[in-house]
Structure formats: structure tokens, C-alpha cells
Amino acid sequence: MLDIKLIRENPEKINELLQRRSPDLSVNEILEIDKQRRELQVKADNLRAQRKNASQDIGKLKKEGKDTEALQEQVRQMGEEIKDLEVQETELNEKQRDMLLNIPNIPDETTPVGRDESANIVIKTVGEIPHKSFEIKPHWDIGPELGILDFERGVKISESRFTIYRGAGAGLERAIINFFLEVHTKEHGYIEYLPPYLVNSTTMTGTGQLPKFKADMYKCEEEDLFLIPTAEVPLTNIYAGEILNEDDLPMYMTAFTPCFRREAGSAGKDTRGLIRQHQFNKVELVKLCTPETSPDEHEKLTCDAEKILELLELPYRRIALCTGDIGFSAQKCYDLEVWLPSSGCYREISSCSNFGDFQARRANLKYRNKATNKPEFLHTINGSGLAVGRTFAAILENCQQEDGSILIPKVLQKYFGAEIIK
RNA sequence: GGAGAGGUGGCCGAGUCGGCUGAAGGCGGCACCCUGCUAAGGUGUUAUGUGGGAAACUGCAUCGUGGGUUCGAAUCCCACCCUCUCCGCCA
């Protein structure tokens, strides 16, 4: 959510920045609402003040035993008028909030300008693309052949985009999760969490999934609960509505969770394999920090995710997403893409975003600034560290040997308990 | 799921028959003072949000949430949420 005061003070600037995302975005309408809203508030405030004084007078007069009928009647009418104004006030407040909740974050000045992914910029490419003497089988073929993935029966017991991991497959998935968590907690200083996988609508609004992206999520019919699409949601909201000490920042959090996404609108896309599932595992990294440190912390978090790919010796590249491609809540975002031989291209395996105070404002996440001693919105950052299923697929393909066996990356062997899957 | 108790500021805790109570008192925090050091002591200060104002300053709202009664609600009524205790059920 953008700051209404900021909008009020620099509407042209905000419009210009928003239009870097999409030309049809503007804050003009909201400014009009804001103006009406404030006028109404002044009016209502004054009337409430009048009533308050009059009521107190009635109290005093009554004590003196004087007749207050006429005054009471007058105040009663005032009350009617106030009630009326309050209805309008609530309506405008809700309208304004609703509009604010549907406006995306303004892009950072360093976010490349462009309308779609073609304007994204490759920041760096790490590792050699493997040139094998044999043809690498896609993971959706090699997985079932090794008996470690069962796509067909996953579909049978659930529906499409659900997969069963079996035997060494389940073990490898678990090993990857443990490896990720181990690196982030032991080497990178994150604290591990195990949050709820179902969260309420307030929480979903805090990080920006609601109200705009309701169709992307699984919703419980009987209660106000949604399956999390990423651990970002519960982790970022843990301290929602609280005022943290500046000394407690930055806060580094990590969690392994399954993620649930309806993938509405992705019909026909990535229909084979593990790339696009309704349920997938992910280790997420989340930071809460002060505004001053957030650009640095964002870079560092991205490096923390990259470190995993380097340890696994998987070829990858870092992309700076352009204004037309960054997510709704983000002001700046890097994608990490891993080399996937079957597709002959790099595929997203992590997305590391700096949200500025956008999520903090929605979730009411503050810290007490030591210099001013005032509560201020903090900054939130997150990134995948990494998507587990896609890592699994990348290993199956990049570490494939001519005989169809999979050579487990060295760093993973002690977690997996073997060197090879065959 | 059934029965009962309760939800007040960072924390603890008052709040009488509804009326200067945004809220006593204590603890904690901060600032200053005193003291050779420490300990103790003294004084002051210390909620959040949202408006108005160049500023000084100031209005309004908030006592779990939302309604209602009333001239006036932290105090009364209703609904909901949450916490605790006991019973039941259960990985």
C-alpha cells in the first residue's frame, strides 16, 4: 500500500513511477476521494467536539438540578447528524483503502524500465552449461524411469499438477530441504520457523495476495483461511501490528513449507514435470529491516540464495526484472534462473524482492526509530532460497549420467546418504 | 463440541449507582539532579492512529471487534473473535 500522504504531496511523481509499470495506472481518482474524505472528517470532528462539550454541560446542569430537556433535544439532533456523517466517512475510508490496496508498489529508481520480460536485464551468468556426449532426458522421463517420481498416480489421487515422490525421490526432496535450511541457518544467520500453512484473510492482505489475487489461492470453504502460496505470507506477517525495537532489526527468517497455488490462468503452460505444480516445496528467506539498510539487505539476501546454486554447482544467472515484470508488491526484484537442459533454457528458481514499506504499511509492521523515537514502517524483503521442486528437476537433468543414473551433488550427499540414484 | 471465567496503555493493575478517565497506582523505559564509586534516592517524561495549522499548538478517534441503548459508554444490552479452567474427543 502506498502512503496517502506521499501521494498527496507528489502525485505527478507517483503517477510517473506507476506508469513505468503500466500506462493505465494513476492516483488521480484516489486524490479526489482523499480530498472529500478529509473535508468530511473536519466537519464530523467539529460536530463531535460540539456534542462532547454539550453533553458534559448537561451533566453539570443536572447536578445543579436544572432542567436540560431543551439542550438534550438539541444534542440528540446533533447525534443524528453525526451518525449520518459517520456513515459517509466510513464509506469514503473504505473506498480509499480499497483503492490503495489495489494499486501496486512504485518501482525503485534502479528497476529497469520496460513493459514485459523482454526488457529484463541479465546481471550475471554463473557456471558452465554442461555439454554432454549423450542426450539428456527431461526430468519427467528420467524420474518415472528411476521410480522416484509418479506423475500419473499423482494426478489420479488429486488432479493434474500434483506429483508423488517415491523412494529415493522422496529422500532427495527431503535432503534438499535439509541442506537449504542448514546453509541458511548455520552460514547465513537466519532463524528457522515452521509456520502455519493456513492463514486468514488479514494476513493474506498484509503481503499483498489479497484483495487482488484471490483467484490464485486455495480457500477453505467453512472458515476464513487460505492455503499459503509461499512462506513469505506467514513469515512476513508474524510481527504484523507490532512495533519492534530498532535493535531487533534486521531480522532474518527462514522456513520450509509446502506452497499451494491454483495456477489459474496457466492452463497449457509447463504441463509436464515438476516445474508448475499446485503444491510444491520451498525454503523461503524473509528479512525485516530499516529503510536505510534495505537495498543492501536485498543484495545480500539474493547472494544467500545464489550461494545455494553455487554449492550445488548448478549453472544459473541473475536477472533484474523490469518495471513491467516485477510483482505487484515489489519495488525491485531479481530472479535467479537455473539451467534446465530439457528446456534448453534458464528457468526461474528464486525470486528475490525488496518491497520497501509497501507490505509493512498493509500489515502495519513498524519499528521504533531510535533517532526520532517515533514508530515508522520498516522494510520487508524476501526470496526463495530456493524452490525445492525445481531444484530437484535441475539436479535430475544437470547431474544425469549416460547410463541414466543421477550423480548427487557433493554437498548434498551427506544429507541424501548416497552418491548416486540409479 | 459442552460448562464456566475473562479480554483496559510496553507489562502488572484500578475503574464505585454510566458524566473532564486516554484512562489512578505500580513496574519498566527515557532525560535531568543528587551522591567519591556502587547501591539507594529526587524531579520530570513516556500510547497509537488520523485531521487542522508555516509553526507554536490543537481537534477527533481508539479500553478484544462490530452493532445497540443514552444528551453522554471502558462502564449497560446484543452478536462475534480470542484467551484461560474443567469435561468430552483426539495425532
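Reminder, nothing fancy here: chain letters follow the sequence lines and each chain counts from 1.
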Are the aromatic rings of [X] and [Y] close, with centres under 6.0 Å apart?
X: A:Tyr252; Y: A:His184; answer: no
X: A:Tyr218; Y: A:Phe226; answer: no
X: A:Tyr165; Y: A:Phe392; answer: yes

Would you tell me if any nitrogen or oxygen in the side chain of [X] comes within less than 4.0 Å of OP1 or OP2 on [N]?
X: A:Arg51; N: B:C60; value: no
X: A:Arg8; N: B:G51; value: yes
X: A:Lys43; N: B:G51; value: no
X: A:Arg76; N: B:C71; value: yes
X: A:Arg368; N: B:U48; value: yes
X: A:Gln41; N: B:G51; value: no
X: A:Lys52; N: B:C71; value: no

Within the 4.0 Å heavy-atom criterion, would you say [X] contacts the bases, only the backbone, or no part of the nucleic acid?
X: A:Ala54; answer: nothing
X: A:Lys63; answer: nothing
X: A:Leu71; answer: nothing
X: A:Lys366; answer: sugar-phosphate
X: A:Lys374; answer: nothing

| Pairing partner of B:C63 (Watson-Crick or G-U wobble, both distances under 3.5 Å) |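 Matched B:C63 with nothing under the 3.5 Å cut-off.
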
| request: Tell me the partner of B:G22, counting only Watson-Crick (N1-N3 plus N6-O4 or O6-N4) or G-U wobble (N1-O2 and O6-N3) with both under 3.5 Å; none if nothing fits. | output: none

| message | Just to verify, which of A:Lys83, A:Lys95, A:Arg48 counts as forming a salt bridge (charged side-chain N to carboxylate O under 4.0 Å, His left out) with A:Glu89? | response |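 That would be A:Arg48.
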
